[in-house]
Amino acid sequence: MEYKFLEGIKTPEDLKKLNINELNSLCEEVRDLLINTVSKNGGHLASNLGAVELTVAIHSVLNAPEDSIIFDVGHQCYTHKLITGRYGDFGTIRKENGISGFMRPNESVYDPFVTGHASNSLAAAYGIYKASVLKGKNCTSLAVIGDGSMTGGLALEALNNIGGSKGNFIVVVNDNKMSISKNIGSMSAHLKRIRLKPGYYRFKTGTENLLFKIPLIGKPIHSGLSRLKKMFTRLVYRNNLFECLGFKYIGPVDGHNIEQLRAALKIARDQTKPCVIHAITVKGKGYPFAEQQPGSYHGVSAFDSHDGIHENGDANFSSVAGDTLVRLAEKDKSICAITAAMTSGTGLAEFSRKYKNRFFDVGIAEEYAATFAAGLASADMKPYFAVYSSFLQRSYDQIIHDTAIAGLPVRFLIDRAGIVGEDGETHQGLFDVAFLTTVPNMTVYSPASYNELIGCIERSVDAKAPLAIRYPRGKEKFSFEHSDKDFTVFSSKGRVAIVTYGIISSNALEAQQLLSKEGISADVIKLNKVYPVSEKLCDILSAYDKVFFFEEGIRKGGISEHIVSRANIRSHKIIAISDCFVPAMSCEAARKRFGLDSKSMAKTVKGE
């Protein structure tokens, strides 16, 4: 397709020069480019396809960057990037040294806030708005929130704080009935009920506009009718959560109809109180494969855009964890599985089908999930909370206060631990070891193969205290056999030792072989139980002339520092992620950059 209109958009101001037909043609071009680019680079497809018209309408009405616009999570911001000067760089999205798949202030003045995790948009956008008020500026702030982010406690806290205040603040609820998995819970049900009554809200908005146009008597009539309106609302619909919280509610509107969206945005822009625009969209809009399977096309790797995604039935760490839980739960009726809107991503789809009464998708609410799991554990159930490492960060308080203090045996299945690749800084699983090892009563395992993962989960069934089993994204690299020992020594009778754990253990063994070819003997010590630190390990390490630690995690507070502080080691060197965030790049490229691939390990041992 020729991108005639898209090529002419240098800034959002250029949108204001286009008529409605031209804006619709622009959306067709954007949608085509999204499909072509994401099919090559991977990324978030269905969520972005559903927000094309919404984004074009917003930018055609507001005046960014003076008006701030934040997309919750940011996986709906690809169209935003295309019309804010990044069309020429769009082919580099999610690539090393390319543009991010999320909003990044260091990338563009049109990205006012870092995004990547759900539910923070309302709080951040309102903070930006209040800052503009304090500076005496007359600006609008707008947050686009959807894909289940409304279930997050942070979003609900923000609604509570913002509602009833004064000012030009707009919340656009992108209601596509989906998060990554199908939406659940009372918030989703509430939005569904609102969708069933669109006629009333069109009538209400039209009547208000008409009354305000009547000279002299229009406003008094409107004021008198407002009380009647509230009674009418309760009779026709019961209550609208947003209006109960103090927002002006506009909608539902067709989220793929630019004219309707622009009209709603103009009404909201001219208000003196916060507004909610309820936009109904189709996740995956315009690409039949994504419309039919929005969950499968939420975040994708590269694929053939003509044939769609062909599901790979090969095992990976997530599927192995899920399959193991299914097998164990058949015999043990106390085993429960919990996810925070990531049923498929964490491998729990089969568990959710087979044991519906013991499966709990709590929505995007990791804090709640952790405490809910602690409640189950306190009543003698055996909860497994499967969660991505970067999302578990939100549950730190609940891990300490609600789980560890009472010593409750919650089992944390930490998926995507370590470097995860192209999603970049916000999604790297580099902090779990550092923050979990600060928690008393916590045990941390880091299996490097499917057999080890299965063994760890089987052992965890009889846990008496909280424990975490962390494992990487994707497939195993080496089939290590499960061991009940805290660590395994792969000896070459050397005077130096390489200490590591997790998926890069196979890199350490490859480095051992590379060194051997050059006549250098180095033992590899693979940690199976990362924490608590084994006293026996400390004794063994004291016998080596030098110990090299390689850790795919943040160095500060990492297990290497724990060991060094406790063991009497003659000489050591730690290679880990130091004082930085890992940007978007392939896992292989990241490991090479930070010295965690096999060749880099060998060079480090040799002193190069």
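Numbers here simply count residues along the sequence, with the first being 1. The structure displayed is predicted, hence computed values, not measured ones.
- Aromatic ring orientation, F351 versus F359: tilted (interplanar angle from 30° to 60°).
- When Q293, H298, E291 are each tested for a side-chain contact (heavy atoms from CB on, under 4.5 Å) with K283, only one passes: H298.
- Between the side chain of T500 and the backbone N or O of F550, at least one donor-acceptor pair lies under 3.5 Å.
- Between the side chains of S479 and S449, no donor-acceptor pair is found at a separation under 3.5 Å.
- Using a distance-only test at 3.5 Å, with no hydrogens or angles considered, a donor-acceptor pair links the side chain of E29 to the main chain of F5.
- Counted by atom type alone, S560 and E551 present one or more donor-acceptor pairs between their side chains at under 3.5 Å.
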Test side chain to side chain contact (heavy atoms under 4.5 Å, CB included) on Q428 and I577 and set out the steps.
CA-CA 11 Å; Q428 308 287 6; I577 312 299; over 6 Å; no

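- Of the N and O atoms on the side chains of S446 and R470, at least one donor lies less than 3.5 Å from an acceptor on the other residue.
- Annotation: side chain of Y78 is in contact with side chain of V38 (closest heavy-atom distance under 4.5 Å).
- Under 3.5 Å, the side chains of S600 and D597 contain a donor-acceptor pair of N or O atoms.
- Salt bridge annotation for E552-R591: present, with a cationic side-chain nitrogen under 4.0 angstrom from a carboxylate oxygen.
- When the shell of 6.0 Å around NZ of K592 is examined, it contains 12 or fewer heavy atoms from other residues, nucleotides or ligands.
- Side-chain polar atoms of D72 and S121 form a donor-acceptor pair below 3.5 angstrom.
- At a threshold of 4.0 Å, the pair E22-K17 does not count as salt-bridged, since none of the basic side-chain nitrogens sits closer than that to a carboxylate oxygen.
- With hydrogens and angles disregarded, no donor-acceptor distance shorter than 3.5 Å links the side chain of E452 to the backbone of F480.
- Side-chain contact, N316 with Y450: no donor N or O sits under 3.5 Å from an acceptor N or O.
- The backbone N or O of N21 sits less than 3.5 Å from a side-chain atom of S25, completing a donor-acceptor pair.
- Taking the six-membered ring where the residue is Trp, F71 and H80 present tilted rings, their angle falling between 30° and 60°.
- The number of heavy-atom neighbours closer than 6.0 Å to CD of E608, taken from other residues, nucleotides and ligands shown, is above 12.
- One finds no salt bridge joining R262 and E259 here, because no Lys/Arg side-chain nitrogen approaches an Asp/Glu carboxylate oxygen to under 4.0 Å.
- A side-chain contact (heavy atoms from CB on, under 4.5 Å) with I414 is found for exactly one of L436, V444, V433, namely L436.
- Using a 30° and 60° split on the angle between ring planes, F391 and H117 fall in the perpendicular class, above 60°.
- Side-chain atoms of D432 do not come within 3.5 Å of backbone N or O of S389 as any donor-acceptor pair.
- With respect to the salt-bridge test (charged N to carboxylate O, under 4.0 angstrom), the residues R104 and D111 do not qualify.
- Under the 3.5 Å distance criterion, the side-chain polar atoms of T281 are left unmatched by any main-chain donor or acceptor of A51.
- With respect to the salt-bridge test (charged N to carboxylate O, under 4.0 angstrom), the residues D579 and K556 qualify.
- Between K16 and E13 there is a salt bridge, since at least one side-chain N of the basic residue sits less than 4.0 Å from a carboxylate O of the acidic one.
- Side-chain contact annotation: N48 with H75, donor-acceptor N/O pair under 3.5 Å absent.
- Between E53 and N257, the side chains place no donor N or O within less than 3.5 Å of an acceptor N or O (distance only, hydrogens not considered).
- The main-chain N or O of A315 is found under 3.5 Å from a side-chain atom of K475 such that the two form a donor-acceptor pair.
- Contact check on R473 versus D415 returns no salt bridge, with no Lys/Arg side-chain nitrogen under 4.0 Å from an Asp/Glu carboxylate oxygen.
- K477 and N507 are linked by a side-chain donor-acceptor pair at a separation below 3.5 angstrom, with hydrogens and angles left out of the test.
- Between R593 and E96 there is a salt bridge, with a side-chain nitrogen of the basic residue lying less than 4.0 Å from a carboxylate oxygen of the acidic one.
- Side chain of Y297 to backbone of I309: a donor-acceptor contact under 3.5 angstrom is found.
- In this structure a side-chain-to-backbone donor-acceptor pair under 3.5 Å is present from T115 to M103.
- At least one donor-acceptor pair under 3.5 Å links the side chain of D67 to the backbone N or O of T140.
- Within the 4.5 Å cutoff, side-chain heavy atoms of T426 are placed close to those of F102.
- The aromatic rings of Y287 and F289 sit perpendicular to each other, their planes meeting at more than 60°, with 30° as the lower class boundary.
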